[in-house]
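To keep things clear, I will list the structure first and then write my remarks on it.
Predicted model, so just to flag it, every value in this text is computed and none were measured.
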Amino acid sequence: GDMAGVQPFVLELEHAVDSGDAQRQFIAARAIGDLCLQNQENERRLLEEGVLSPLFLVCKLEPRLQIEAMRGIRYLSRTFDENRAKIARHGGLVQLVELMQSRVPEVAVEATAVLGNLAQTVEARSRIVAEGGLPLILSNLHSRNVKLQAECALAIQGLAQSPENAIHVVQEGGLKMLISLAKAKDVDAKKRAIMALGGMAVHSELQSEIVALGALHPLLAA
């Protein structure tokens with residue numbers, strides 16, 4: 001059946017991890033992301049075939065391999081809530097929070113992008129917060145790297161769907177950062193910051209604070 005379609009790719013990734021051959025690992029990890037792009041159903045099938053364990057092992061290797069593996073995890077988490085929940089339950093969440101602190105900008109961007117996908121579901125949100133992800137996302141919001149800022153804004157938009165997280169964002173000065181990002185030249189960063197602000201404005205306990213800080217202007221301008 002269809003399962004046979006993705007199974008060889010998962011086996012190859014497992015063998016590549018065992019082989020210690022970096023080029024083979026790179027190609028095998030990249031193939032996982034490509035399978036997701038070909039067909040949304042592959043996102044489900046790959047998870048059912050156990051792709052997460054070898055992918056998270058590749059996340060422990062050199063940066064260019066980490067980037068490929070996290071790209072795969074990002075595509076695996078872009079569509080289905082049950083996939084996001086499974087990824088959050090997998091031991092790899094701690095790893096993603098660590099990788100978000102990488103000195104290699106692309107690694108930090110990919111890790112944050114995965115967390116942003118996961119933050120769209122309740123179960124994953126609480127796990128990201130429990131693993132200490134929120135303060136790190138807020139500190140990365142201060143980065144000079146606009147791609148990283150954009151991914152942080154997306155992650156905050158997800159996490160701040162819970163009122164207590166939204167309040168935490170405000171307490172940590174995240175609101176001011178989002179307001180300045182909402183005025184950025186970069187279209188993607190701007191759009192995501194405005195989405196995060198709009199999401200936070202849903203919480204009645206924060207509305208007056210958001211207005212007082214001048215967030216309404218970028219929201220109305222949008």
Please output the side-chain donor-acceptor pairs of residues 164-182 that fall under 3.5 Å, not counting sequence neighbours, one pair per line with the distance.
unit_1, atom_1, unit_2, atom_2, d
Asn165, ND2, Leu159, O, 2.9
Asn165, ND2, Ser162, OG, 3.3
Ser180, OG, Met177, O, 3.0

Give the table of side-chain donor-acceptor pairs shorter than 3.5 Å for residues 129-147, with sequence neighbours excluded, one pair per line with atom names and distance.
unit_1, atom_1, unit_2, atom_2, d
Ser139, OG, Leu136, O, 3.2
Asn140, ND2, Met100, O, 3.1
Ser143, OG, Asn145, N, 2.7
Asn145, OD1, Lys147, N, 3.0
Asn145, OD1, Leu148, N, 3.2

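Interatomic distance, Glu110 CD to Arg74 CZ, rounded to the nearest 0.5 Å: 4.0 Å. Atom NZ in Lys191 sits 10.0 Å away from atom CG in Leu154 (nearest 0.5 Å). Remark: Leu57 CG to Leu65 CG distance equals 12.0 Å, nearest 0.5 Å. The distance from the CD atom of Gln40 to the CD atom of Glu43 is 5.5 Å, given to the nearest 0.5 Å. Taken from CG in Leu197 to CZ in Arg192, the straight-line distance is 14.5 Å, to the nearest 0.5 Å. To the nearest 0.5 Å, atoms SG (Cys36) and CZ (Arg44) are separated by 12.5 Å.
With sequence neighbours excluded, the residues that form a side-chain contact (heavy atoms from CB on, under 4.5 Å) with Glu98 are Val94. Annotation: salt bridge (charged side-chain N to carboxylate O under 4.0 Å, His left out) contacts of Arg84 (sequence neighbours excluded): Asp81. Scanning for salt bridge (charged side-chain N to carboxylate O under 4.0 Å, His left out) contacts around Glu123 gives Arg89, Arg127, with sequence neighbours left out. The ring pair (Phe, Tyr, Trp, His ring centres under 6.0 Å) check on Phe56 picks up His90, with sequence neighbours excluded. Listed by chain and number, the residues in a side-chain contact (heavy atoms from CB on, under 4.5 Å) with Val51 are Val10, Leu13, Ile32, Leu46, Leu47, Leu55, Leu76 (sequence neighbours excluded). Applying the salt bridge (charged side-chain N to carboxylate O under 4.0 Å, His left out) rule to Asp21 yields no partners; only residues at least two apart in sequence or on another chain are considered. The salt bridge (charged side-chain N to carboxylate O under 4.0 Å, His left out) search around Glu12 returns Arg24, not counting sequence neighbours.
In terms of heavy atoms, Ala153 sits closest to Ala193 at CB-N, 3.9 Å. Closest approach of Ala160 to Met200, counting heavy atoms only: CB-CG, 3.5 Å. Scanning both residues, Arg103 and Pro105, for their nearest heavy atoms gives O-CD, 3.3 Å. Ala189 and Ala150 get closest at one heavy-atom pair: CA-CB, 3.7 Å. Closest heavy-atom contact between Val114 and Met70: CG2-O, 3.5 Å.
Leu118 and Val109 are assigned to two separate hydrophobic clusters, defined by single-linkage of ILVMFWY side chains at heavy-atom distances under 4.5 Å. Leu96 and Leu61 end up in the same hydrophobic cluster when Ile, Leu, Val, Met, Phe, Trp and Tyr side chains are linked at under 4.5 Å.
Residue Tyr75 shares its hydrophobic cluster (ILVMFWY side chains chained together at separations under 4.5 Å) with Leu37.
Listed by first and then second residue, the side chain to side chain donor-acceptor pair (under 3.5 Å) pairs involving residues 62-72 are Gln23-Arg64, Arg30-Glu68, Asp34-Arg71, Glu62-Arg64 (not counting sequence neighbours). Judged as a ring pair (Phe, Tyr, Trp, His ring centres under 6.0 Å), not a single pair has a partner in residues 8-34 (not counting sequence neighbours).
Formation of a donor-acceptor pair under 3.5 Å by the Arg125 side chain with backbone atoms of Ala119 is found in this model. Between the side chain of Gln25 and the backbone N or O of Ala16 there is at least one donor-acceptor pair closer than 3.5 Å.
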